Every structure is written in structure tokens, then in C-alpha cells.
Amino acid sequence: MIQSSELILNPDGSVYHLNLKPENIAHDIIFVGDQNRVEKITQFFDSVEFSTQKREFKTQTGMFKGKRITVMSTGIGPDNIDIVVSELDALVNINLETRQPKKELTSLNIIRIGTSGSLHADIPVDSFVMSKFGLGLDNMLRSYLIDEVSNEKIEDAFVSHTNWDIRKGKPYVIACSEKLEKVIESDKMHKGITATAGGFYGPQGRVLRLNIQDEKLNSKMDNFTFENNRITNLEMETAAIYGLSALLGHHALSLNAIIANRASGTFSADPYKAVDALIAYTLDKLAAN
């Protein structure tokens, strides 16, 4: 039995942070970071059957062209992803009454729709990026046993190329779901490695009043390639989503609308339009499968 201190439930039987019960979610789930973006997606639904919010975690479930879909905001960062994916897995793979893992496990389909900054001039603002791999710079996933799902060859190549200070923890690399990659496949998508940072300022190379450990890290990442895969963009969730999903047996894919280009110093003139276009494209692909 999983103890009450390990899997915390609310008085109504819902999981602690997400405030959800098993019947509240679909098996196709879209992640967004911003809680205000949830309704930007569900406004396209034919109907919404359920809605709740606790803290930054807002969830709506409904129907889009015959497909039941859940949209959920995760907030920012890998630490929040640890909460969200773990509690979603508990909803489908743990009997919340007996507190026992189920014998037959359910695989969720999780697609992140986010915004990101590109590291290369040829991936312009308003374009889309599909993350073939998530490169975790945050160290969160190292709390788990990840050797069976991580790509040690890319990890070691990245550590060597960047002269990574191992005191920050060894970066980890996890592949996307091949199944979902095929569902969303499009020549509109740039593909590559998405780097996931544990913070927005220093961890992404931004300098305000504090010096950072490696001022050249971003330029080193610009030049990193492994078997024709380069680092396309930098954000704060993808690698954690890929890692926990792979460990728990779920399918995960991360899509980003590029709203900033760090190489050219440009920012989208209409970032909302770019995100809406990615939302519409993803919904149609999901509904067709």
C-alpha cells in the first residue's frame, strides 16, 4: 500500500495538487504553461464537461470533433512537471481507494504546446519546433533511476563539447514518443534537441546583477550537434515531461511556437497568432487519430 504521506489526497478523494479524480481526465492531454492559455485551446472545443483550478494548475476536459481531450496548465519549470505527471499517472495507474498500483496500466498521450526562444537564425520567429529529444540541464530527473530511458551517448557528447561543470549535475537526454511524432508529423516543423533549463535567468544565460558560471554556454549549445541533431531551442519543461513519461509508460511530445530568436535578437510581432496557429494544427491532428 502507498502511504498517505506519499500519495496525498484531498478530502473529496482528488489528488492533492491537481484537484482531479480519475473520471475528470481524458487519455489525450495537452499541456500548456500558462493557465490563461487553457481556454485559448478549449474555446475551439464543441463542449467542455469539466473545469477546475488549484494554484497554477487549471484543467478543462471536453470534446473536439469527437475526440475527448484534457487541457491542463503546468505552470513553469521541471519541478512543476514532477508534480503534474506524477499525479496524472496516479489517476490512471493507482487505485486511489486501495492505494495499490493497478495490474493493467494505462498509457496517456501527452502533448505540450509551448512557446520558446530559438538558438539559430534559420529557425525564425513564428515557426514551429518539434522536440526529437529533451536535454535536461535542470537535474530534477536525476532523482529517479533513468538509465533505461536516457541517451548516454548524447549526454556524454554534450558534457564534453560544453566542458560542463559536473558540480551542476550531469545533463540527461530523453527521446520523444515515436508514436506521437508520427501523429503530429509535418514538414512545417523544425526538429532537433530542446534544452530544458531549471530557471529563466542565469540557467538560460541571462545576466542581470549576478555573474553566471559559464558565460559561453549558449554559444557552445549553438554549435552542438549529434548525428545531425542540433539544439534548436531553450525552454523549461520538455526534458522533464519526456523523462517522467518514458519512465511511467506514457507517450509525450513537445511542440513550441518560436516567439523569440536569440541569435538575431528578434521577437515575434504577434506571438499570440503563432501560438493559435500551433494550437489549431495540433487539435486537428489529434482529432484525426
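This structure is a prediction, so every number in the text was calculated from the model and none was measured. Scope of the values below: all heavy atoms of this structure, side chains included, with no hydrogens, waters or symmetry mates.
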Between the main-chain N or O of [Y] and the side-chain N or O of [X], is there a donor-acceptor pair closer than 3.5 Å?
{"X": "H17", "Y": "V84", "answer": "no"}
{"X": "N261", "Y": "I123", "answer": "yes"}
{"X": "N218", "Y": "Q204", "answer": "yes"}
{"X": "E155", "Y": "V173", "answer": "yes"}
{"X": "E23", "Y": "I25", "answer": "no"}
{"X": "W164", "Y": "D156", "answer": "no"}

Test log, rule side-chain hydrogen bond (donor to acceptor under 3.5 Å, both in side chains), inputs D82 and Y144: CA-CA 11 Å; D82 184 52; Y144 300 95; 2.6 Å; yes
Cation-aromatic face contact K54/Y16, 6.0 Å, 45 degrees: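 Geometry flag: set, cation within 6.0 Å and 45°.
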Cation-pi, F224 ring and R230 (6.0 angstrom, 45 degrees):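 Judged by the rule (NZ or CZ under 6.0 Å from the ring centre, within 45° of its axis), R230 is not positioned above F224.
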Donor-acceptor side-chain pairing of N256 and E235 below 3.5 angstrom: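 Their side chains do not contain a donor-acceptor pair, so the 3.5 Å distance test is not met.
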Whether F64 and F45 hold their rings parallel, tilted or perpendicular, with breakpoints at 30° and 60°: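 Rings of F64 and F45: tilted, 30 to 60°.
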Stepwise salt bridge (charged side-chain N to carboxylate O under 4.0 Å, His left out) check, K40 with D34: CA-CA 10 Å; K40 289 184 178 295; D34 184 356; over 6 Å; no
